[in-house]
Structures are given as C-alpha cells and as structure tokens.
Peer 1: 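Below: one structure in structure tokens.
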Amino acid sequence: MTKQMDFDVLVIGAGPGGYHAAIRAAQLGLKVACAERDSVGGVCLNVGCIPTKALLHAGEQMAAARHAAEFGLSFGEQTLDIAKLNGWKDGIVKKLTGGVSSLFKANKVTHLKGHASFVDEHTVKVGDQTYTAANIIIATGSEPARLPGIEVDQERIVDSTGALVVPDPIPARMLCVGGGVISFEFAHVYNNLGSKVRIIEFLPTIIPGADADAAREFGKAMKKQGIEFETETKANSAVKKDDGIHVEIENVKTGEKRVEVFDRVLVAVGRRPRTDGLNAQAAGVHVTDRGFIPADAQQRTNVGHIYAIGDVASNPMLAHKAMKEGLVAAEVIAGKPAAQDAVAIPGVVYTSPELAWVGLTEAEAKEKGYEVKTGVFPLSASGRAMTLQQTDGFVKMVVEKDTDLLLGVHIVGPHASDMLGEASLALEMAATATDIALTIHAHPTLGETVLEAAEAVHKQAIHIMNR
Ligand SMILES: Cc1cc2nc3c(=O)[nH]c(=O)nc-3n(C[C@H](O)[C@H](O)[C@H](O)COP(=O)(O)OP(=O)(O)OC[C@H]3O[C@@H](n4cnc5c(N)ncnc54)[C@H](O)[C@@H]3O)c2cc1C
C-alpha cells in the first residue's frame, strides 16, 4: 500500500499550462494543489498574451482613427493619456488573473503561495512548508533570453515585460532586437503610438517558422506602415548616454559595424525554459543542457509520476500549446486515454495585418517529401477587406498534389487569428481543399478568402485571374 499523500496532484506554476492542468484534474475528482510564487495566470495573463493584445488594440484604434479621414471622418488632434492606457491594460490583467483565482476556489484547487522546489520525487517544498503528492506536474514556464553586451534595466533597455509599461513621453526612436513574433508585436504597438521603430534580426528571414511567402507579404505590410527592419544584422552592445542609447549594429554578412542612437531598446531574442531553484535533480527529473524538461506524448518526464507541460517542456512556446498539454497531463493522471497528438499548433503575430498559420509551410511540406500545390487569394480582391480598409495580405493554402489533402494554411490579413480556427479544424479532420471549397462561407466575410484560396488551388477562384 502506498503511504497517504497530501494531494493526488501538485502542479508547480499557475500559468496557462498549470492552471488548465489543475482545473481539469479537479474536474476529474482529484485532490489538487497548485503552487505559484508570483501572480496566477503566469506569463500569458500577466506579462504576455493579454497585456500585449491590449496595447496592440489601443495602437490600432489610433491608427484606425487616422485612416478614418479616408471616408470623411475626422476627430481633430489625437491625444493619448498614457497613464490611462497603462491603467486600462493593467485592469484587464487584474480581472483575468482574479478570474483564475475564482476558478481555483470554485474547483477546490488549493493555491499554495510561494516558490516550489523538489525535496524528493514525491515531496515539494513551497515556502516553508513541505507537501507530498502522488503526481507532480512541472509547469514553470519560460523567461526572456538575454543578449551578451546588452544589459536590460527595464527602463531604457527593456525586455518584453519592461516594454509593456508605455513610457511618457513615447520614445521617439526605438530599436527592437530580434525579428520574431514578440518583437514585431511591440514594434507595431510603438509605431502606432508614434515611435520611429527599427527591428534587427540575426537570421536571413523575419518570423522564423512562418511560410517564406507569408513572412515576405507580412514584412511588406509592416514596412508600408513605417516599421523598418534589417535581417542578417546583430546588436553587439548598447551604451546608455545622455543623448540616447548608443547601439553598435553589425551586418553579419559583411562584418560592417555602425553605431546608431535610440531612446529605447527592446531585447526580444527568444525565451528560455525556467527551472531556477526547482531542484529537479532531487526528484531525478532530467533537465537538458538548454534547460528544457522533456516529456513524452502523455507529458510524462523520465520519472513516471512527474509530468512537464508548456514552455518548460518544449517549443513552440505558446499558451494554447501549454493549455492543451495541461489537460493531457491531468487526464492521463486521472486514467483517461489522453495524449498530445495535435496535428498542428497554430501560430499568430497579432499585428495589423495579422500573420497566422497552421500546419506545414510550403518548404516544410517539400522537405517531408510531399508534392505540393498551392493556392493564393489576395485580400485586395476581397470586398469585405475593402470595407474594412485592410486589403494588405493574402491567404495561401498548401495542399498535397495528388490527394488534395490540406497540409497548411498561411494568412496575412485582419482577423487572421480568428479565421485560423477553420483551418485548424480542417487539418484535424483531414479535409481536402475541395472540402473547404464546397463549404458555403457567408458573404461578405474575410472567411471567404479561405474558400477562394482553396478554389485557387484548383485554378478555379472566381474573384481573381487563375494563373
Ligand atoms: C510578450 C509576450 C507575448 C506573448 N503572446 C502570446 C500570444 O499572444 N499567444 C500565445 O499563445 N502565447 C504568447 N506568449 C507566450 C505565452 O505567454 C507562453 O507560451 C505561456 O505563458 C506558457 O505557459 P506556461 O504555463 O508554460 O508558463 P508560464 O506562463 O511562464 O507560467 C509559469 C508560472 O510558473 C511560475 N513558477 C516558475 N517557477 C516556479 C517555482 N519554482 N515555484 C512556483 N512557481 C513557479 C511562474 O511564476 C509563472 O507564473 C507570449 C509571451 C510573451 C512574453
């Protein structure tokens, strides 16, 4: 007989992964605790998805108000109360994190406040107390990666957390180091709020992971709005002086170096798994050299009753992936036949236009040996896009040539993230381009552009010339 444990499940971390795991385990009748050393909701709710989307919305409203003059609506001179903007954003975060606390109470999840570390494979210390659990889920998330030579002070040189506090005045010249999703989202925010923004990316392309054509189309739209970016470029050092931050920028191809001056620098060069002070070795849990705690399809680590989910377990570091893995771990513990077997995990850049994709890029499909056909439908041919004043972008569909099986969907355009649900479901259901083309989509909607991209695969789109 096993000895009596304090909990059936103890979750470490109350981010999207951790709180999903805790709530689902409780729903399934288990006695659950969730340890969190900071605010519940993790990175996503506190300093990630939610506050960035709030700032993106505010910036877009300002840009939209400026564009309204096109159809005759003008508002006079724009003014921005920055304290109010920061307060509004913080209010949304507070409401949502409060919601998670209420859900814990409603589901009888014990919230243990404090830093958690392993004592042995069934014992975890939280603050000064120790607790035992039959199963433990590690959901400790990730933190911003650092860049040698550039010290983050969260005032003039910031990471994503510092960039969430909009300074007064808005920085005139801003540099974003890194050409990934987070960098572009902040560049878009600050560009709309009035900064002159430059992005530098070490690699030859922006938004790694995205389809090359879609990234190009997206980059074109960003440039049109005034966001400058350079690839194959790196920042070597940043020195704070009275007239600004002097950044040494190097072209990695030519080795040419120059110094440019900015008022604010954002370092957004990726994230690394967070296992500081977790003492995973006391439980015999394997941590890789890069700090990840690998898990199998049932989210089990190398120790059978210890699970790892979300950012700490693997890439891609996305909230919806963490959430799904949390549910899987909880269900596996409850004896359900669950596994992380998603066909595809969607990715989104929440700018305007958005860049959103799910499934394989054209290059990935070819690498996997598929013979592919593609269909592209431009938003400039969409009546709905015109009525929204947002005609930059396209829908690109990647399909297996002989079977017509859908492999990937890549969208640059407004509400691309919301349109992606259809594409994700289609991939999960093993739909063909014909299945999508035969589905009646309401008119006029942006969703029709997905239908037309499917028709374009067969060279039968109606609203464009098919070449
Ligand atoms: C600026 C930004 C914007 C983002 N936008 C999006 C987006 O739009 N969509 C999207 O899908 N993803 C987005 N992400 C990524 C998303 O935030 C993460 O993928 C997600 O939060 C991961 O969830 P998680 O549960 O694995 O970990 P986290 O959210 O990192 O939560 C881990 C929690 O564990 C706690 N913790 C860590 N160690 C301990 C310990 N030893 N003891 C107790 N508690 C501990 C931490 O305090 C934290 O609350 C964004 C990230 C950033 C930084």
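The residues of the chain are indexed from 1 along the displayed sequence. Order of appearance sets the numbers: ligands from 1, and atoms from 1 within every ligand.
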Peer 1: Against heavy atoms of Gly141, which atoms of ligand 1 measure under 4.0 Å?
Peer 2: 26 (O), 27 (O), 28 (P), 30 (O), 32 (C)

Peer 1: Measuring from the heavy atoms of Gly114, does anything fall under 4.0 Å of ligand 1?
Peer 2: yes

Peer 1: When you measure from atom 41 (N) of ligand 1 to each heavy atom in Ala116, Ser160, Ala14, which option holds the nearest one?
Peer 2: Ala116

Peer 1: List the closest protein heavy-atom neighbour of atom 2 (C) of ligand 1: residue, atom name, distance to the nearest 0.1 Å.
Peer 2: Gly48 CA, 3.4 Å

Peer 1: Check for me whether Arg271 has a heavy atom closer than 4.0 Å to any atom of ligand 1.
Peer 2: yes

Peer 1: Check each atom of ligand 1 against the heavy atoms of Ala322 and keep those under 4.0 Å away; list them by number with element.
Peer 2: 23 (O), 26 (O)

Peer 1: Verify, without hydrogens or angle tests, whether His115 (side chain) and Gly277 (backbone) share a donor-acceptor contact under 3.5 angstrom.
Peer 2: yes

Peer 1: Going by the atom numbers of ligand 1, which of them fall below 4.0 Å from some non-hydrogen atom of His320?
Peer 2: 11 (O)

Peer 1: Starting from atom 10 (C) of ligand 1, find the nearest protein heavy-atom neighbour and note its residue, name and distance.
Peer 2: Ala319 N, 3.5 Å

Peer 1: Nearest protein heavy atom to atom 31 (O) of ligand 1, by residue and atom, and its distance?
Peer 2: Gly15 CA, 3.5 Å

Peer 1: With only distance considered, is Cys44 within less than 3.5 Å of ligand 1 through an N or O on each side?
Peer 2: yes

Peer 1: Where does Lys321 meet ligand 1, judged by heavy-atom distances below 4.0 Å: at the side chain, the backbone, both, or neither?
Peer 2: neither

Peer 1: Would the distance check show the side chain of Asp90 and the main-chain N or O of Val93 forming a donor-acceptor pair, the cut-off being under 3.5 Å?
Peer 2: no

Peer 1: Using a strict 4.0 Å cut-off to heavy atoms of Asp38, name the atoms of ligand 1 that fall inside it.
Peer 2: 47 (O)

Peer 1: Say whether Lys53, considering both its backbone and side-chain N or O atoms, lies within less than 3.5 Å of an N or O atom on ligand 1.
Peer 2: yes

Peer 1: Could you check whether His441 and Glu422, counting side-chain N and O atoms only, form a donor-acceptor pair closer than 3.5 Å?
Peer 2: yes

Peer 1: Considering heavy atoms of the protein only, find what lies nearest to atom 15 (C) of ligand 1 and give residue, atom and distance to 0.1 Å.
Peer 2: Met317 O, 3.6 Å

Peer 1: More than 12 heavy atoms of other residues, nucleotides or ligands under 6.0 Å from NE2 of His246: yes or no?
Peer 2: yes

Peer 1: Which atom pairs, donor and acceptor, lie under 3.5 Å between side-chain atoms of residues 11-20 and protein residues at least two apart or in another chain?
Peer 2:
from  : atom 1 : to    : atom 2 : distance (Å)
His20 : ND1    : Pro16 : O      : 2.9

Peer 1: List the atom of Asn46, the atom of Pro51, and the distance in Å for their closest heavy-atom pair.
Peer 2: O-CG, 3.4 Å

Peer 1: Give the residue, atom name and distance (to 0.1 Å) of the protein heavy atom nearest atom 36 (N) of ligand 1.
Peer 2: Arg37 NE, 4.0 Å

Peer 1: Shortest non-hydrogen contact from Lys234 to Ile200?
Peer 2: C-CD1, 3.8 Å

Peer 1: Between Thr132 (side chain) and Thr123 (backbone), is there a donor-acceptor pair under 3.5 Å?
Peer 2: no

Peer 1: What do we get for Cys49 next to ligand 1 when only non-hydrogen atoms under 4.0 Å count, side chain, backbone, both or neither?
Peer 2: both

Peer 1: Is a side-chain donor or acceptor of Glu250 paired with a backbone partner of Val252 at a separation under 3.5 angstrom?
Peer 2: no

Peer 1: Atom 19 (O) of ligand 1: which of Ile182, Ile12, Asp311 has the nearest heavy atom?
Peer 2: Asp311

Peer 1: Give the atoms of ligand 1, by number and element, whose distance to some non-hydrogen atom of Gly310 is under 4.0 Å.
Peer 2: 26 (O)

Peer 1: Taking the basic N atoms (NZ, or NE/NH1/NH2) and the acidic carboxylate oxygens, is any pair closer than 4.0 Å for Lys31 and Asp6?
Peer 2: no

Peer 1: Is it the side chain, the backbone, both or neither of Val126 that has a heavy atom closer than 4.0 Å to ligand 1?
Peer 2: neither

Peer 1: Please answer whether the main-chain N or O of Ile411 pairs with a side-chain N or O of Lys396 as donor and acceptor at a distance below 3.5 Å.
Peer 2: no

Peer 1: Tell me the closest heavy-atom pair linking Ser39 and Thr97, and the distance in Å.
Peer 2: OG-CG2, 4.0 Å

Peer 1: Examine distances only and state if a side-chain atom of Glu362 and a backbone atom of Val398 form a donor-acceptor pair shorter than 3.5 Å.
Peer 2: no

Peer 1: Just to confirm my output: which protein heavy-atom neighbour is closest to atom 37 (C) of ligand 1, and how far is it?
Peer 2: Thr140 O, 3.4 Å

Peer 1: Please list, in number order, the atoms of ligand 1 under 4.0 Å from a heavy atom of Ser142.
Peer 2: 30 (O)

Peer 1: In the protein, which heavy atom is nearest to atom 30 (O) of ligand 1, and how far is it?
Peer 2: Arg274 NH2, 3.0 Å

Peer 1: Does the residue Asn46 have a heavy-atom contact with ligand 1, meaning some pair of atoms that are separated by less than 4.0 Å?
Peer 2: no

Peer 1: Should you measure from each heavy atom of Ala139, which atoms of ligand 1 turn up under 4.0 Å away?
Peer 2: 32 (C), 33 (C), 34 (O)

Peer 1: Okay, side chain of Thr361, backbone of Glu364: is any donor-acceptor separation there less than 3.5 Å?
Peer 2: yes

Peer 1: Which residue and atom name correspond to the protein heavy atom nearest atom 33 (C) of ligand 1, and how close is it?
Peer 2: Glu36 OE1, 3.5 Å

Peer 1: When Ile157 is tested against each of Lys240, Arg264, Glu151 for side chain to side chain contact (heavy atoms under 4.5 Å, CB included), which residue passes?
Peer 2: Lys240

Peer 1: After noting the C-alpha distance and the side-chain angles of Gln390 and Ser352, does the key distance pass the side-chain hydrogen bond (donor to acceptor under 3.5 Å, both in side chains) rule?
Peer 2: CA-CA 8 Å; Gln390 297 188 61; Ser352 175; 3.2 Å; yes

Peer 1: Numbering the atoms of ligand 1 from 1, which are under 4.0 Å from a heavy atom of Tyr350?
Peer 2: 8 (O)

Peer 1: Side chain, backbone, both or neither: which part of Val43 has a heavy atom under 4.0 Å from ligand 1?
Peer 2: both

